[in-house]
Peer 1: 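Handing you this structure, nothing more for now.
Residue numbering restarts at 1 for every chain, and letters A, B, ... go by the order of the sequence lines.
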Amino acid sequence: MLIASWNVNSVKARLQNLLTWLEEAKPDIVALQELKCVDEAFPRSEIEALGYNIETFGQKTYNGVALLSRYRLEDIIRGIPGFDDEHSRYIEAVVSTSSGALRVASLYLPNGNPVDSPKYPYKLAWMAAFEKHAEILMQNEEAFVLAGDYNAIPSPQDVHAPDAWEGDALYRPETREAFRRLVNLGLTEAVGTLTTTGPDTYTFWDYQGGAWPKNKGIRIDHHLLSPLAADKLVNVRIDKHTRDWEKPSDHVPVLIELDMA
DNA sequence: ATGTCACAATGGTTGTGA
């Protein structure tokens with residue numbers, strides 16, 4: 001089973017790229033972020049035509065997350081339970097496979113910049129609420145994957161210039177600590193577990209300043225797996241070639257393969 | 001070359017967020 005996470009930076013602006021990539025990669029489940037459109041405006045029919053079921057949690061202009069799945073999506077949750085959030089940043093569902101249920105979430109964690117604005121406390125509050133929710137999920141001892149744009153750079157090797165990013169909301173010590181707390185609940189961060197992270201595993205390059213050709217990237221899109229899901233993890237992949245396409249997103253798809261046999 | 005992009009509300013450009 002192939003599961004992908006992709007911040008598309010507007011699903012309408014990225015529709016052609018998204019369709020091309022879906023046909024090429026043939027993922028079973030996709031977590032999308034930054035839809036930048038309301039549910040009614042989501043390009044459902046084009047994506048359904050490729051064989052996907054769709055659940056969206058959209059928002060005008062900003063944010064918005066969705067799940068695409070070849071399996072039926074059930075027990076949909078929109079928003080982190082118990083967390084009052086004005087932004088559409090979290091959607092969760094359960095799929096039933098021949099080898100049992102799998103819970104999947106698509107999340108778009110707040111950016112948090114600038115750090116001296118209310119945006120950074122909001123980011124940390126979001127991370128705390130998400131950690132609390134993940135802790136509850138862990139108690140159920142199920143297979144689950146929390147996929148998305150975490151807007152968190154886990155370690156120095158995940159950023160081209162650690163010193164320059166020291167004060168940034170994506171890399172500040174508090175952000176990294178919160179990300180570690182999350183992982184330390186017993187989750188497995190897929191890419192870091194199966195590969196050596198570094199300049200080859202970035203997932204985002206700014207549109208500005210020639211960041212992509214210079215490989216001035218960061219690794220902020222992650223899959224966190226419960227122990228039962230991590231037991232099935234056999235492969236990870238980052239589809240960097242999509243960054244070379246016309247009208248690219250600033251993020252590229254990050255994929256994991258679970259052996260559900 | 002400050003090598004960006006998407007969106008919204010304009011009013012034909014500017015602000016916002018990333």
Side-chain angles (χ1 to χ4, degrees), chain A residues 5-21 31-44 46-47 56-66 79 85-91 106-127 130 147-154 158-162 164-172 174-176 178-179 202-222 238-254:
Chain A
S5 179
W6 194 8
N7 178 324
V8 288
N9 185 17
S10 171
V11 70
K12 282 186 276 183
R14 218 64 60 208
L15 182 58
Q16 203 46 61
N17 280 5
L18 175 59
L19 295 174
T20 301
W21 175 77
L32 296 177
Q33 301 90 35
E34 269 205 274
L35 306 179
K36 293 186 172 179
C37 78
V38 294
D39 293 336
E40 299 72 40
F42 189 91
R44 298 188 69 89
E46 294 92 332
I47 293 168
T56 61
F57 186 30
Q59 186 180 333
K60 185 180 172 181
T61 315
Y62 310 117
N63 314 310
V65 288
D85 196 352
E86 291 179 6
H87 297 176
S88 300
R89 296 180 173 277
Y90 187 83
I91 187 167
S106 177
L107 64 113
Y108 177 43
L109 212 143
N111 176 295
N113 281 308
V115 292
D116 58 356
S117 76
K119 292 181 179 183
Y120 195 58
Y122 167 61
K123 175 178 194 155
L124 294 179
W126 206 99
M127 293 185 90
F130 181 55
D149 177 359
Y150 281 72
N151 269 314
I153 300 166
D158 298 311
V159 48
H160 62 95
W165 283 74
E166 198 60 47
D168 192 279
L170 280 62
Y171 188 59
R172 274 177 69 108
E174 296 96 315
T175 306
R176 278 180 277 162
F179 186 79
Y202 297 151
T203 65
F204 167 94
W205 298 261
D206 201 288
Y207 290 119
Q208 302 184 65
W212 166 242
K214 293 174 187 165
N215 198 28
K216 291 186 173 181
I218 53 178
R219 191 170 76 93
I220 55 176
D221 300 274
H222 309 294
I238 301 172
D239 275 356
K240 289 166 67 168
H241 63 287
T242 60
R243 192 64 176 75
D244 270 326
W245 289 356
E246 288 292 316
K247 274 187 63 132
S249 170
D250 40 8
H251 297 249
V252 296
V254 178

Peer 1: Would you say a side-chain N or O of A:R14 is under 4.0 Å from OP1 or OP2 of B:dC5?
Peer 2: no
Peer 1: Measure from the side-chain heavy atoms of A:Y207 and tell me the nearest of B:dT4, B:dG17, B:dC7.
Peer 2: B:dT4
Peer 1: If I pick the C1' atom on B:dG15 and the same atom on B:dT10, what distance separates them, to the nearest angstrom?
Peer 2: 11 Å
Peer 1: Between A:E34 and A:K12, who's closer to the 5' end of DNA chain B by nearest nucleotide?
Peer 2: A:K12
Peer 1: Which is true for A:Y108 with a 4.0 Å heavy-atom rule: it touches a base, it touches only sugar-phosphate, or it touches nothing?
Peer 2: sugar-phosphate
Peer 1: Look at the side chain of A:P213 and decide which nucleotide, out of B:dC7, B:dA9, B:dG3, has an atom nearest to it.
Peer 2: B:dG3
Peer 1: Can you check the A:N111 CG to B:dG17 C1' distance for me, whole Å?
Peer 2: 8 Å
Peer 1: Measure the distance from CG on A:N113 to C1' on B:dG17 and round it to the nearest whole Å.
Peer 2: 11 Å
Peer 1: Find which nucleotide of DNA chain B each of A:K214 and A:A13 is nearest to by heavy atoms, and output the residue with the more 5' nucleotide.
Peer 2: A:K214
Peer 1: What do the steps show when you test A:R14 against A:E46 for salt bridge (charged side-chain N to carboxylate O under 4.0 Å, His left out), and what is the final call?
Peer 2: CA-CA 12 Å; A:R14 218 64 60 208; A:E46 294 92 332; over 6 Å; no
Peer 1: Between A:K60 and B:dT16, is there a contact of a side-chain N or O with OP1 or OP2 at under 4.0 Å?
Peer 2: no
Peer 1: Is the closest side-chain donor-acceptor distance between A:S117 and A:Y122 under 3.5 Å?
Peer 2: no
Peer 1: Could you tell me how far apart A:W205 (CH2) and B:dC5 (C1') are, to the nearest whole angstrom?
Peer 2: 17 Å
Peer 1: Measure the shortest side-chain to side-chain distance between A:Q33 and A:L107 over non-hydrogen atoms and say whether it is less than 4.5 angstrom.
Peer 2: no
Peer 1: Give the rounded distance in Å between these two atoms: NE2 of A:H251 and C1' of B:dA6.
Peer 2: 13 Å
Peer 1: If you round to the nearest 0.5 Å, how far is CD1 of A:I47 from OG1 of A:T56?
Peer 2: 10.0 Å
Peer 1: Please report whether the ring centroid of A:W245 lies less than 6.0 Å from that of A:W21.
Peer 2: no
Peer 1: Any side-chain N or O of A:S10 less than 4.0 Å from the OP1 or OP2 oxygen of B:dC7?
Peer 2: yes
Peer 1: Which of these nucleotides, B:dC7, B:dA18, B:dC5, is closest to any side-chain atom of A:K119?
Peer 2: B:dA18
Peer 1: Can you tell me the distance, in whole Å, between the NZ atom of A:K36 and the P atom of B:dA6?
Peer 2: 8 Å
Peer 1: Between A:N151 (CG) and B:dG17 (C1'), how many Å, whole number?
Peer 2: 11 Å
Peer 1: Using atom P of each nucleotide, how far apart are B:dG11 and B:dA6 to the nearest Å?
Peer 2: 24 Å
Peer 1: What is the separation between atom CD on A:E86 and atom P on B:dG17, rounded to the nearest whole Å?
Peer 2: 13 Å
Peer 1: To the nearest Å, how far apart are A:K247 NZ and B:dC7 P?
Peer 2: 7 Å
